[in-house]
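Chain letters run A, B, ... following the sequence lines, proteins first, then strands; residues in each count from 1. The structure presented is a predicted model; accordingly, all values stated were derived computationally and were not measured. Computed from heavy atoms alone, side chains included, the values below leave out hydrogens, waters and symmetry copies.
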Amino acid sequence: MSVRVRFAPSPTGPLHIGGVRTALYNYLLAKQQGGAFILRIEDTDQKRLVPGAEDYIKQSLEWLGLTPDEGPGYGGEHGPYRQSERKDLYAKYAEQMVADGNAYYAFDTPEELDKMRKDQEALGHHSAKYDARIRLQMRNSLTLDQEEADKLIAEGKGIIRLKMPADEDVSFVDLVREKVTFNTDQLDDKVILKADGMPTYHLANIVDDHLMEITHVIRGEEWLSSTAHHVLMYRFLGWEAPKFTHLPLILKPTGKGKLSKRDGAKFGFAVFPMEWYDKKEEVTYAGFKESGYDPKALLNFLVLLGWNPGNDEELMSIERMTELFSLDKIVKSGARFDVDKSKWFNQQYLMSTPDAHLLPPVKAIKPEGLVVEDAYLTKVIGLMKERVHHYGDFYTEGSYFFSAPTEYDDKQIKKRFKPEIVPHLEVIKAMVSTHSGDPSAMSTAVKGYLSDKELKMGVYLPLLRIMICGRLTGPDLFDIIVALGAEETSSRMVKASEYFNATLS
RNA sequence: GGCCCGUUCGUCUAGGGGUUAGGACGCCAGGUUUUCAUCCUGGUAGCACGGGUUCGAAUCCCGUACGGGCUACCA
């Protein structure tokens with residue numbers, strides 16, 4: 001049987017970075033095994049549905065290169081892939097479980113449930129569950145007489161709850177954690193079919209996984225505690241359960257708890273693949289895409305957050321990850337999100353990618369109003385890529401490639417500037433014009449002149465750099481000058497000389 | 001509170017009875033460079049704690065502490 005995995009997000013908001021990693025692991029297993037990667041939209045909670053969220057999820061997956069083989073809009077033999085469109089499928093399985101005595105109808109109102117919980121709280125029971133101890137005190141098809149129950153069911157007032165067997169150890173194998181066991185006495189009678197006729201996650205999930213012939217369930221650790229319910233339902237329905245793998249959570253960079261959407265702003269990085277505007281909160285959440293990350297670097301960073309190939313390889317293409325991936329190498333404990341390391345991965349990606357390939361994404365993030373030719377931008381990319389971390393840095397760190405400096409590093413100038421150097425700078429300016437197309441000739445000429453006159457390179461070159469760039473960091477000075485051209489360079493030198501003379505002499 | 005899962009440098013991790021506990025990011029120092037970055041060399045720093053098993057424990061067992069998840073007609 002060929003491997004079929006699914007990524008099953010709920011369209012209640014943007015795709016979280018943890019979700020991206022879950023999608024990635026699913027994708028890698030599918031590709032490695034020659035199987036199918038399925039996108040399923042779990043929109044059974046109509047109240048929490050957010051318009052645009054599904055599109056956002058799909059666009060994010062596309063941007064990341066994790067294109068589903070099947071899913072809404074992607075075709076496939078097991079559709080529809082949106083649970084709201086599968087609504088009518090679920091009830092019969094819930095009813096079958098009722099008929100078999102493994103589930104029952106319940107008629108309690110939200111107020112009654114609330115009262116039960118409060119009463120139990122008063123008796124000293126924390127977070128009371130609707131379970132074997134409670135169910136016979138509530139209004140359901142177990143306690144009401146048949147006629148009354150049938151009437152309520154006919155009126156559509158019933159929901160369906162799973163009936164947990166008494167005192168039974170339910171074990172299942174988690175591919176990461178090995179054997180995990182829950183006792184049914186600790187488990188509640190979960191609602192599986194809601195009043196609006198929609199299934200809850202638990203029912204929809206196992207029905208769809210079965211119908212879509214899913215072989216491996218790879219999901220976040222937050223589902224580990226309800227897996228026993230799922231295993232029981234597979235058994236009640238006489239179905240074979242898929243293999244389970246629960247992924248450790250991604251934690252905040254510092255402090256307690258899992259990474260949340262607000263941590264992005266708090267720590268100054270993105271927690272979503274792409275920018276997302278939250279209409280309710282009227283806030284825009286930053287995206288990795290807009291922050292200047294390349295999806296390949298992001299994925300490389302994420303794949304190592306909770307998994308390793310078993311050797312020292314860190315820099316991997318998607319193809320390489322696919323080759324090396326294995327579920328049993330997934331780590332058990334939660335991983336903190338390390339912004340510094342994510343930056344390093346992006347820089348590594350930049351350095352190892354041909355300049356021309358970098359052009360489109362760099363252009364895509366170009367500041368408004370800036371006009372620059374492809375050939376020139378490509379040149380700048382080549383000169384700058386090993387000293388930046390994100391796509392946007394080409395414009396900020398390399399601002400002097402696009403416009404003359406508007407301010408100069410006064411501290412550095414004062415350290416070196418003396419009036420008597422001015423004539424020498426004039427000579428250098430002339431050399432720049434003579435060798436405007438050849439950085440090495442220019443370099444030789446200027447350095448030759450300096451050494452002939454016994455002038456210090458450590459004084460003149462930095463000063464020259466400040467005149468042209470305004471600051472003391474950047475690529476080889478002569479490469480910059482050649483890129484800028486003789487005319488622009490001369491004009492910057494004139495402008496800078498005026499500034500030096502006016503403010504320093 | 002209950003149940004479940006976890007705990008190796010600051011961070012991501014390798015190692016699963018005998019290792020000088022390895023790598024990567026970060027940080028620090030040195031080299032290269034006009035500068036920054038890259039690159040190279042070196043350094044810093046870790047087995048949560050307490051018992052037990054064993055000739056021997058980071059590794060196996062128990063307990064404690066700490067962290068995490070779940071505990072909805074949410075996923």
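- When rounded to the nearest whole Å, the span between CG of Leu224(A) and P of G69(B) equals 13 Å.
- A side-chain N or O of Thr227(A) and one of Arg219(A) form a donor-acceptor pair less than 3.5 Å apart.
- With respect to the salt-bridge test (charged N to carboxylate O, under 4.0 angstrom), the residues Arg471(A) and Asp409(A) do not qualify.
- No engagement by Val388(A) is indicated, since no non-hydrogen atom pair under 4.0 Å with the nucleic acid exists.
- Across all non-hydrogen atoms, the minimal contact from Tyr449(A) to Ile428(A) is CD2-CG1, 4.4 Å.
- For U35(B), neither phosphate oxygen OP1 nor OP2 lies less than 4.0 angstrom from any side-chain nitrogen or oxygen of Arg471(A).
- Looking at heavy-atom distances under 4.0 Å, Ser226(A) makes no contact with the nucleic acid at all.
- Here the nucleotide nearest the side chain of Arg117(A), chosen from C73(B), A24(B), U13(B), is C73(B).
- Using a 3.5 Å distance cut-off with no hydrogens or angles, the side chains of Asn205(A) and Arg6(A) do pair a donor with an acceptor.
- A salt bridge is absent between Lys414(A) and Asp410(A); no separation between the charged side-chain nitrogens and carboxylate oxygens falls under 4.0 Å.
- Ranking C73(B), U71(B), C36(B) by closeness to the Thr473(A) side chain, first place goes to C36(B).
- The nucleotide whose nearest atom lies closest to any side-chain atom of Asn308(A) is, among U35(B), C73(B), A14(B), A14(B).
- Taking the charged nitrogens against the carboxylate oxygens, Glu85(A) and Arg82(A) do have a contact shorter than 4.0 Å, which makes a salt bridge.
- Out of U71(B), C73(B), A75(B), the shortest distance to the side chain of Ser127(A) is found at U71(B).
- Taking atom CD1 of Ile250(A) as the reference point, atom C1' of G6(B) lies 16 Å away to the nearest angstrom.
- Across every strand in view, C3(B) sits in a pair with G69(B) that passes the Watson-Crick or G-U test at under 3.5 angstrom.
- Remark: aromatic rings of Phe301(A) and Phe337(A) are close, center separation under 6.0 Å.
- Residue Gly257(A) is in sugar-phosphate contact alone, with no base atom involved, counting any heavy-atom pair closer than 4.0 Å across all strands shown.
- Among the nucleotides U34(B), A14(B), U7(B), the one closest to the side chain of Ser333(A) is U7(B).
- Toward the 5' end of RNA chain B, the nearer of the two residues Asp312(A) and Pro248(A), judged by each one's closest nucleotide, is Pro248(A).
- Side-chain proximity of Trp344(A) to the nucleotides C70(B), G26(B), G68(B) is greatest for G26(B).
- Within the nucleic acid shown, Ser342(A) has no heavy atom closer than 4.0 Å to any nucleic acid atom.
- For Thr200(A) and A75(B), the shortest distance from a side-chain N or O to OP1 or OP2 is not below 4.0 Å.
- Contact check on Lys341(A) versus Asp338(A) returns no salt bridge, with no Lys/Arg side-chain nitrogen under 4.0 Å from an Asp/Glu carboxylate oxygen.
- When heavy atoms are screened at a 4.0 angstrom cut-off, Leu304(A) is found touching the sugar-phosphate backbone but no base atom.
- Of the charged side-chain nitrogens involved, none lies within less than 4.0 Å of a carboxylate oxygen, so that Arg161(A) and Asp188(A) do not count as a salt-bridged pair.
- Checking C55(B) for Watson-Crick or G-U wobble geometry (two distances, each under 3.5 Å) identifies G18(B) as its partner.
- Between C61(B) and A21(B), the distance separating the two P atoms is 23 Å to the nearest Å.
- Across all strands, Ala335(A) comes closer than 4.0 Å only to sugar-phosphate atoms, never to a base (heavy-atom distances).
- Of the nucleotides present, A24(B) is the one that pairs with U11(B) by Watson-Crick or G-U wobble criteria, both distances under 3.5 Å.
- When distances are taken from the side chain of Leu477(A) to each of U34(B), U71(B), C12(B), the shortest belongs to U34(B).
- Using a 4.0 Å heavy-atom cutoff across all strands shown, Arg336(A) reaches sugar-phosphate atoms only and no base atom.
- Within the shown strands, U41(B) is the pairing partner of A29(B) under the Watson-Crick or G-U definition, both distances less than 3.5 Å.
- Within the structure, a side-chain polar atom (N or O) of Lys47(A) is placed less than 4.0 Å from OP1 or OP2 of C74(B).
- Contacts of Asn311(A) with the nucleic acid, taken as non-hydrogen atoms under 4.0 Å apart, are absent.
- Atom CZ of Phe182(A) and atom C1' of G2(B) are 12 Å apart (whole Å).
- With hydrogens and angles left out, the side chain of Arg387(A) and the base of C36(B) share a donor-acceptor pair within 3.5 Å.
- Pairing partner, U64(B): A48(B), with both Watson-Crick or wobble hydrogen-bond distances short of 3.5 Å.
- Considering only side-chain atoms of Lys447(A), the nucleotide from U34(B), G6(B), G23(B) that sits closest is U34(B).
- Between Lys332(A) and the phosphate of U7(B), there is no side-chain N or O to OP1/OP2 separation shorter than 4.0 Å.
- Using a 4.0 Å heavy-atom cutoff across all strands shown, Lys258(A) reaches sugar-phosphate atoms only and no base atom.
- Between Pro9(A) and His389(A), the one whose closest nucleotide on RNA chain B sits nearer the 5' end is His389(A).
- Look at Lys343(A) and you won't find any side-chain N or O under 4.0 angstrom from OP1 or OP2 of A37(B).
- For the 3.5 Å distance criterion, the side chains of Asn183(A) and Asp167(A) qualify, holding a donor opposite an acceptor.
- Salt bridge Asp119(A)/Lys115(A): present, at least one basic N to carboxylate O contact under 4.0 Å.
- Of the residues in residues 345-354 of chain A, Gln347(A), Met351(A) come within less than 4.0 Å of RNA chain B through at least one heavy atom, sorted by number.
- Rounded to a whole Å, the CZ atom of Phe401(A) is 17 Å from the P atom of C36(B).
- Between Leu203(A) atom CG and A75(B) atom P there is a gap of 11 Å when expressed in whole angstrom units.
- Residue-level contact check: Asn205(A) touches neither bases nor backbone, having no heavy atom under 4.0 Å from any strand.
- A sub-4.0 Å separation between OP1 or OP2 of A75(B) and a side-chain N or O of Lys194(A) is present.
- In the set G26(B), C70(B), C36(B), G26(B) carries the atom at the smallest distance from any side-chain atom of Asp340(A).
- Relative to the side chain of Leu249(A), the nucleotides U34(B), U7(B), G68(B) differ in distance, and G68(B) lies closest.
- Counting any heavy atom pair closer than 4.0 Å across all strands shown, Gly306(A) reaches sugar-phosphate atoms only and no base atom.
- In terms of polar N and O atoms assigned as donor or acceptor, the side chain of Lys341(A) comes within less than 3.5 Å of the base of A24(B) in a complementary pairing.
- Atom CG in Leu472(A) sits roughly 8 Å away from atom C1' in U34(B) (whole-Å rounding).
- Counting non-hydrogen atoms under 4.0 angstrom, Arg48(A) reaches a base of the nucleic acid.
- In this structure, Lys256(A) reaches the sugar-phosphate backbone alone: every heavy-atom distance under 4.0 Å involves primed, P, OP1 or OP2 atoms, never a base.
- For Asn183(A) and U71(B), the CG to C1' distance is 16 Å, given to the nearest whole Å.
- Judged by Watson-Crick or G-U wobble contacts below 3.5 Å, the nucleotide A75(B) has no partner.
- Lys385(A) has no side-chain polar atom (N or O) that falls below the 4.0 Å cut-off from OP1 or OP2 of U38(B).
- Between Leu450(A) atom CG and U34(B) atom C1' there is a gap of 10 Å when expressed in whole angstrom units.
- A donor atom on one side chain and an acceptor atom on the other are not found under 3.5 Å apart for Tyr234(A) and His210(A).
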